[in-house]
Amino acid sequence: MSSSRDIRRRIRSIGSTAQITKAMQMVAASKMRKSQEAALAGRPFVRLIYRFQREATSGTREFNHPLVEVRPVRKRAVILVAADKGLCGALNSNLFRMVAQFDPASTVFITAGRKAAQFVAATRRQLIAEFAYGDSPTYPEARAIAAFARGLFLKKEVDEVRVLATRFVNTLTQHPVSLEYLPVGEIKGAEIPGAEREMDLAVSKETLFEPNAEAFLSYLLSHYLNIYIYQVLLNAKASEQSARMVSMKNATDNAENLIDDLTLEYNKLRQAGITKELLEIAGGQAS
Amino acid sequence: MKTLRLQIVTPEGVAYSDDVELVGLRSVEGRIGILPHHTRLMTQMLPGEMLVRKNGRDEFLAVGEGLVDVTGEQVSIATDMAVAAESIDEAKAEEARRRAEARLSDKISDEELASVNASLARSLAQLHVKRRRRH
């Protein structure tokens, strides 16, 4: 049995750990709120992009664009979006488990977030580009990633681009998902993750397109691909922060339980010491 | 007087939403002015300045590239940047322009070139709108 001084020391050290985890929990909670707000603020933009898409594809025009073209897949690129830091429970490892389904020889990786790059390097997979995104992802950050992936696909260095990221469901649940990014395939059905399309509204027939519908569509396509990555980044960030908040809350709770147990033990020990002393005094008087 | 509902949205949120009388912007086909009852039009907008006339007064905004949807009573614009002239910080815009130019003179890859060019166009648009307001 440890001495009462040891126990006191342990209580103090666990107490300061709990203080740190508590602080991290608070920080993660406020950052999570921020990224959720950012995702909500982007909604009108996404809605408008959908409206353009609906209008521009309403006529049964043929639309041939290199980004839409489906090719047999010989080489693929994976955009792996993970957290910058750890201490967020199983979030990163759940995501990395999904990477195993891709053949390392024919897959190249584009990473966002430090943990993703570290994982790809540690498992000796092919890393071709490493991007960073901040605590509140910005649109230019997303655009850089989208532009890079687009370039690879257009130069035919890869025949398919997938996105591996975490989708935010709610504070307690985040799912790793594997999404098709390029080729876009049927442009009519293209969707942005985390933002479902509304039911199709009436489409006017006499819309004038400048310079023409095809040019407009291909321009729309690039915007669509940018906002796609932006939404993925926001989702990943919100997931990371909420996972961190939950795991830090668990850590704080555990620390408090430990402190309770140790305090009880300490008090028992102290009481035992007092009883022993009293007995000694009584014994001394009796003799 | 009949008005148009102008709405400018960026990925960060709704940047402008108001009833206006005239919207002037640069499209791929040249400068266009949009009045109420305009025909249904969808076009591509180029970065630069945008004119908005509200209650007979002209306002200027610096905008990035984007997509424009025009109906008889509404103009919706999806763009990556929209800043009103009065909220442009000239020093900041000038610094952004210098940074973009410095980056351009370095050796960079094609992907980066595109993104730097875009950010240069955006800061130039801001500077242009700001300086014009002073004269």
Chain B contact via A:Phe52 - which portion, at a heavy-atom distance below 4.5 Å: both
Establish, for the pair A:Arg162 and A:Phe102, whether the NZ or CZ atom is under 6.0 angstrom from the six-membered ring centre and no further than 45 degrees off its axis. no
Within the distance-only criterion (no hydrogens, no angle test), does the side chain of B:Gln7 pair as donor or acceptor with the backbone N or O of B:Val75 below 3.5 angstrom? no
Ring centroid separation for A:Phe153 and A:Tyr181, is it under 6.0 angstrom? no
Part of B:Val70 lying under 4.5 Å from any heavy atom of chain A: neither
B:Ser27 portion near chain A, given a 4.5 angstrom heavy-atom threshold: side chain
Is any side-chain heavy atom of B:Tyr16 closer than 4.5 Å to one of B:Glu59? yes
If the condition is ring pair (Phe, Tyr, Trp, His ring centres under 6.0 Å), which residues does A:Tyr224 pass it with, not counting sequence neighbours? A:Tyr228
Per-residue contact mode, A:Ile49 against chain B (heavy atom under 4.5 angstrom): side chain
Determine the option with the most heavy-atom pairs under 4.5 angstrom with chain A, choosing from B:Leu67, B:Val28, B:Asp80, B:Thr39. B:Leu67
Against chain A, work out which of B:Ile8, B:Val14, B:Asp69, B:Thr71 has the most heavy-atom pairs shorter than 4.5 Å and name it. B:Asp69
Using heavy-atom distances under 4.5 Å, tell me whether B:Ile77 contacts chain A through its side chain, its backbone, both, or neither. backbone
Which atoms of B:Thr79 come close to chain A, meaning under 4.5 Å heavy atom to heavy atom: side chain ones, backbone ones, both, or neither? backbone
Test side-chain contact (heavy atoms from CB on, under 4.5 Å) applied to A:Arg150 and A:Leu221, A:Leu225, A:Ile145, the passing residue: A:Leu225
